[in-house]
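What follows is a single structure, written as structure tokens, with notes after it.
Quick note on labels: first sequence line is chain A, next is B, and so on, each numbered from 1.
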Amino acid sequence: MADAVLFEFLHTEMVAELWAHDPDPGPGDNIWRWLLPLESWGQNMNLSVLESVGFRVGQALGERLPREMLAFREELDVLKFLCKDLWLAIFQKQMDSLRTNHQGTYVLQDNSFPLLLPMAAGLQYLEEAPKFLAFTCGLLRGALCTLGIESVVTASVAALPGCKFQVVIQNS
Amino acid sequence: MSRPAHRRPAYHKINKDLFVLTYGALVAQLCKDYEKDEDVNQYLDKMGYGIGTRLVEDFLARSCVGRCHSYSEITDIIAQVAFKMYLGITPSVTCNNSSRNEFSLILDKNPLVEFVEELPAGRSSLCYCNLLCGIIRGALEMVHLAADVTFLQDRLRGDSVTEIGITFLKKREEKKYRRKK
């Protein structure tokens, strides 16, 4: 069953349609503005809709994981799980590297992120790249939420198709 | 990138669920954005159309189907090859009229609604799977076939079966007019 293909097509269509959706593009603490180069701020690129759809999916996926997969001893184990098992299940590859400052910040690096692969490598589509990462950031945040961890997840791209996801654990 | 020697059952399930869950979240988001069911239905159809125009290339590359000689053959391929390939189901096909341009696909199982028990309150006219109609319509258009594709019956709306109707429309006469660009 070519499910991965269906998901990629649906994701591409959602990126094309949903980012333009927000009728109220006012300023505020929309963290997604941090990612965009200054020139594109005028475009009112609001990616929070995509991120929240991803969040719901991440939560739902988290709920469906078999119990034995979830016996984590500590926070780092959860992140390793996301990088290895979850990434493998969703994108048929593992995350390429995981770094942490051991103080609640993790940087997950994917050198060849499947949702960025269809676009030309390098810098040509750098401006568009955040749109293709918003859903996945939400997905990570949602999965972490189901596993009991509150976080803020952002992403950055230096050159396609590589990207980094930054996970900052929120302490209650 | 190396593939694991065999997929653990859990991985396959997550992969299968990803599309269905994403679709559900999309529909939920559209229900938030649009009050009227018709608007959501239309939007799903439009998105499906966009997907279909690109999916058809993927389908043709994977399936190597030969040239079709009738609407009936095309509908059979949609049901037995395309649906099987992408959704793992094989709807049955019936022809609804003597001029053989109106067909129905009867979906016995529908993976898209696996996690949906019933339509949300106040959404009784929602065509939850309308994306599928748009996909079929968009794909057909890319192979120069115009068709109307709609849900004739829907189990989620209380009907006994889920039925997609495909009506092939007369081909536009190319000679009669040229599109102005």
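Other residues, nucleotides and ligands contribute only 12 or fewer heavy atoms inside 6.0 Å of the CD atom of B:E35. Atom CD of B:Q42 has 12 or fewer heavy atoms from other residues, nucleotides or ligands within 6.0 Å.
In the hydrophobic clustering of ILVMFWY residues, with side-chain heavy atoms under 4.5 Å counting as a link, B:V113 and B:I106 come out apart. Each of B:L132 and B:V161 belongs to its own hydrophobic cluster when Ile, Leu, Val, Met, Phe, Trp and Tyr are linked at side-chain heavy-atom distances under 4.5 angstrom. Side-chain heavy atoms closer than 4.5 Å link hydrophobic residues (I, L, V, M, F, W, Y) into clusters, and following such links, possibly through other members, connects B:V143 to B:Y71. A:L47 is connected to A:L126 through a chain of hydrophobic side-chain contacts under 4.5 Å among Ile, Leu, Val, Met, Phe, Trp and Tyr, so both are in one cluster. No path of Ile, Leu, Val, Met, Phe, Trp and Tyr side chains, each step under 4.5 Å between heavy atoms, connects B:L152 with B:I164, placing them in separate hydrophobic clusters.
Put simply, CD1 on B:I51 and CD on A:E8 are 12.0 Å apart, with the number rounded to the nearest 0.5 Å. A distance of 9.0 Å separates CD of A:E17 from CG of B:L30, quoted to the nearest 0.5 Å. Separation of atoms NE2 (A:H11) and CZ (B:F19) is listed at 13.5 Å; rounding is to 0.5 Å.
Contact annotation: the side chain of A:F9 never approaches that of B:M47 to less than 4.5 Å [non-hydrogen atoms, C-beta and beyond]. Under the 4.5 Å side-chain criterion, counting only non-hydrogen atoms from C-beta, B:L131 is not in contact with A:E13. With a 4.5 Å cut-off on side-chain heavy atoms, B:L21 and A:R56 do not count as touching. For the pair A:M14 and B:Q29, the minimum side-chain heavy-atom distance is 4.5 Å or more.
Considering A:L139, A:L6, A:V57 as possible partners of B:T22, the one that fulfils the side chain to side chain contact (heavy atoms under 4.5 Å, CB included) test is A:V57. No option in B:L26, B:I135, B:L18, B:L55 other than B:L26 meets the side chain to side chain contact (heavy atoms under 4.5 Å, CB included) test with A:L10.
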